Enquirer: 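Quick one: structure below, then a few questions.
Numbering of ligands and ligand atoms starts at 1, following listing order. The model shown is predicted, which means the values in this text are computed figures rather than measured ones.
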Amino acid sequence: MKDYQHDFIEFALQTGVLRFGEFTLKSGRISPYFFNSGLFNSGASLARLGRFYAQAISESSLDYNVLFGPAYKGIPLASTTVVALADQYDRDVPYVFNRKEKKDHGEGGQLVGAELQGKVLIIDDVISAGTSVGESVEIIRAAGAEPAGVIIALDRQERGQGELSAIQQVEQTHHIPVVSIICLNDLLSYLQDNPELQQHLPAVKAYREKYGV
Ligand code: OMP
């Protein structure tokens, strides 16, 4: 694990974004941990979050020219990440997001921000079973643009609907790479090295046995 990934786990724990307990996921699975990105809910934490995403993007080989933030959670993620890319990496990346509701007055349309064109990087928080990415890909293709990849904060490294991992499924179905700041394995090694948190290891390992890949 790289230093920034280790720092990201600490940041998520300090902000209460990453918690241990019993949580029912979108997929119906009962998980001993949960990552609630909505709790990056202050100026300083959102700014710091953007720097982590920007670093993960910069260290990857993702090739893109616009960032797409799916409504609603992707909107602040896209905003803070383009700010960090400009501030830290001198890259002025356009960004665009969708509305969930149709609008028939004012500027109209379902998209807000830059033109949805060229190679589009989708930003999201978590992939578990991998159901959410498809909707973004549809919006991007409908605009005549090309999905170029997905950047997420946490890859839970779970199976999708079949035997493949959710990430493999996304990569095979949509032919795009998925990059994450951290994955479940990073979290497990962090737990292993932290005496105060080791109590959570058995439940997280058991969950990985059941749903992991
Ligand atoms: P999938 O669409 O199954 O990959 O689930 C991803 C979505 O589940 C995320 O966008 C969240 O809405 C939610 N989620 C979290 O936010 N954090 C978690 O740790 C787990 C989930 C989840 O329900 O799987």
Side-chain angles (χ1 to χ4, degrees), residues 5 8-41 45-46 49-50 52-53 56 67-81 97-100 120-140 147 149-191 197 200-201 203-213:
Q5 295 173 308
F8 182 69
I9 294 174
E10 301 215 310
F11 175 47
L13 287 168
Q14 281 154 13
T15 44
V17 164
L18 182 58
R19 281 181 204 214
F20 299 95
E22 198 178 284
F23 307 91
T24 303
L25 304 187
K26 200 170 142 187
S27 58
R29 296 171 187 171
I30 311 275
S31 169
Y33 74 103
F34 196 81
F35 185 92
N36 178 2
S37 68
L39 292 175
F40 289 122
N41 57 10
S45 65
L46 199 58
L49 176 65
F52 282 112
Y53 272 107
L67 196 61
F68 175 70
Y72 297 97
K73 279 193 300 186
I75 300 173
L77 301 181
S79 319
T80 190
T81 301
F97 58 89
N98 64 309
R99 296 178 203 282
K100 286 212 175 180
V120 185
L121 178 60
I122 300 162
I123 187 163
D124 214 334
D125 54 0
V126 179
I127 289 185
S128 305
T131 49
S132 321
V133 175
E135 290 162 32
S136 298
V137 168
E138 264 177 43
I139 295 170
I140 292 164
V150 185
I151 176 77
I152 53 174
L154 170 66
D155 169 9
R156 295 181 47 109
Q157 297 184 295
E158 295 183 24
R159 283 198 305 277
Q161 269 87 339
E163 280 309 301
L164 290 181
S165 80
I167 299 280
Q168 286 169 330
Q169 217 164 283
V170 169
E171 292 182 337
Q172 286 200 356
T173 312
H174 305 296
H175 309 287
I176 50 175
V178 180
V179 172
S180 64
I181 304 174
I182 55 161
C183 63
L184 176 60
N185 284 343
D186 298 322
L187 180 58
L188 280 165
S189 39
Y190 183 89
L191 292 182
L197 292 174
H200 303 298
L201 253 182
V204 178
K205 279 188 171 163
Y207 183 83
R208 185 177 61 172
E209 283 300 309
K210 194 161 179 195
Y211 298 112
V213 278

Enquirer: Can you name the atoms of ligand 1, numbered from 1 with element, that are less than 4.0 Å from a heavy atom of Leu25?
Expert: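 In order of number, 20 (C), 22 (C), 23 (O), 24 (O).
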Enquirer: Between Leu18 and Phe11, is any pair of side-chain heavy atoms under 4.5 Å apart?
Expert: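 Of all side-chain heavy-atom pairs linking Phe11 with Leu18, none is under 4.5 Å.
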Enquirer: Can you tell me which portion of Arg156 lies within the under-4.0 Å heavy-atom range of ligand 1? Options are side chain, backbone, both, or neither.
Expert: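 It is the side chain that touches ligand 1; the backbone stays farther off.
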Enquirer: Can you tell me which residue and heavy atom of the protein come closest to atom 18 (C) of ligand 1, and the distance to 0.1 Å?
Expert: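 Sorting protein heavy atoms by distance from atom 18 (C) of ligand 1 puts Phe34 CE1, 3.3 Å first.
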Enquirer: By the salt bridge (Lys or Arg N to Asp or Glu O under 4.0 Å) test, which pairs, at least two apart or in different chains, include something from residues 25-41?
Expert: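 Every pair satisfying salt bridge (Lys or Arg N to Asp or Glu O under 4.0 Å) with a residue in residues 25-41: Arg29-Glu158.
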Enquirer: Tell me, do Val120 and Pro147 make a side-chain contact under 4.5 Å, heavy atoms counted?
Expert: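 Not in contact.
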Enquirer: In the protein, what heavy atom is nearest to atom 6 (C) of ligand 1, and what distance, to one decimal place, separates them?
Expert: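 Protein heavy atom with the smallest distance to atom 6 (C) of ligand 1: Val126 O, 3.4 Å.
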Enquirer: Would Phe35 count as being in polar contact with ligand 1, using the rule that some N or O on each side must be under 3.5 angstrom apart?
Expert: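 Right, the criterion is met.
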Enquirer: Looking at atom 13 (C) of ligand 1, is any protein heavy atom nearer than 4.0 Å to it?
Expert: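 Within 4.0 Å of atom 13 (C) of ligand 1, no protein heavy atoms are found.
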Enquirer: From the options Ile127, Val17, Asp125, Leu184, select the one whose nearest heavy atom is closest to atom 9 (C) of ligand 1.
Expert: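 It is Asp125 whose heavy atom sits nearest to atom 9 (C) of ligand 1.
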Enquirer: Using a 3.5 Å cut-off on N or O atoms only, is Ser128 in polar contact with ligand 1?
Expert: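 Yes.
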Enquirer: Suppose we measure from atom 1 (P) of ligand 1 to each protein heavy atom; which comes out shortest, and what is that distance?
Expert: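 For this ligand atom, the closest protein heavy atom is Gly130 N, 3.4 Å.
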Enquirer: Considering only heavy atoms from C-beta outward, does the side chain of Gln5 approach that of Phe52 to under 4.5 Å?
Expert: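 Result no, sub-4.5 Å side-chain heavy-atom pair not found.
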Enquirer: Looking only at protein heavy atoms, which one is nearest to atom 2 (O) of ligand 1, and what is the separation?
Expert: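 In this structure, atom 2 (O) of ligand 1 has Thr131 OG1, 2.6 Å as its nearest protein heavy atom.
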Enquirer: Below 4.5 Å, heavy atoms only, C-beta onward: do Leu188 and Arg208 meet side chain to side chain?
Expert: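 The answer is yes; the side chains approach within 4.5 Å.
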Enquirer: With a cut-off of under 6.0 Å to the ring centre and 45° to the axis, is Arg19 in cation-pi contact with Phe35?
Expert: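 Not flagged: Arg19 not positioned over aromatic ring of Phe35.
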Enquirer: Is the shortest heavy-atom distance from the side chain of Phe40 to the side chain of Val17 under 4.5 Å?
Expert: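 Sidechains of Val17 and Phe40: in contact.
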Enquirer: Please work out whether any backbone atom (N, CA, C, O) or any side-chain heavy atom from C-beta onward of Ser27 is under 4.0 Å from ligand 1, and answer side chain, backbone, both or neither.
Expert: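 Under 4.0 Å from ligand 1, Ser27 contributes no heavy atoms.
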Enquirer: Students should be able to answer this: which protein heavy-atom is nearest to atom 8 (O) of ligand 1, and at what distance?
Expert: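 It is Lys26 CD, 3.9 Å.
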Enquirer: Counting only nitrogen or oxygen atoms and a 3.5 angstrom limit, does Lys73 reach ligand 1?
Expert: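 The answer is yes, given that Lys73 and ligand 1 share an N or O pair closer than 3.5 Å.
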Enquirer: Which ligand 1 atoms, with their elements, are less than 4.0 angstrom from a heavy-atom of Ser132?
Expert: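 Reading through ligand 1 atom by atom, the close ones are 2 (O).
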Enquirer: Can you find an N or O of Asp124 that's nearer than 3.5 Å to an N or O of ligand 1?
Expert: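 The answer is no, given that Asp124 and ligand 1 share no N or O pair closer than 3.5 Å.
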Enquirer: In the protein, what heavy atom is nearest to atom 3 (O) of ligand 1, and what distance, to one decimal place, separates them?
Expert: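 For this ligand atom, the closest protein heavy atom is Ala129 N, 3.0 Å.
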Enquirer: Has Thr173 got a side-chain atom pairing as donor or acceptor with Val170's backbone, closer than 3.5 angstrom?
Expert: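 Such a contact is absent between Thr173 side chain and Val170 backbone.
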Enquirer: Is Ile152 close to Tyr53 at the side-chain level, that is, under 4.5 Å between some pair of heavy atoms?
Expert: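 Side chain of Tyr53 against side chain of Ile152, heavy atoms only: no contact under 4.5 Å found.
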Enquirer: Please list every donor-acceptor pair under 3.5 Å in which a side-chain atom of residues 70-80 meets a protein atom from a residue at least two apart or in another chain.
Expert:
unit_1 : atom_1 : unit_2 : atom_2 : d
Tyr72  : OH     : Glu101 : OE2    : 2.6
Lys73  : NZ     : Asp125 : OD2    : 2.8
Ser79  : OG     : Ile75  : O      : 2.7
Thr80  : OG1    : Leu46  : O      : 2.6

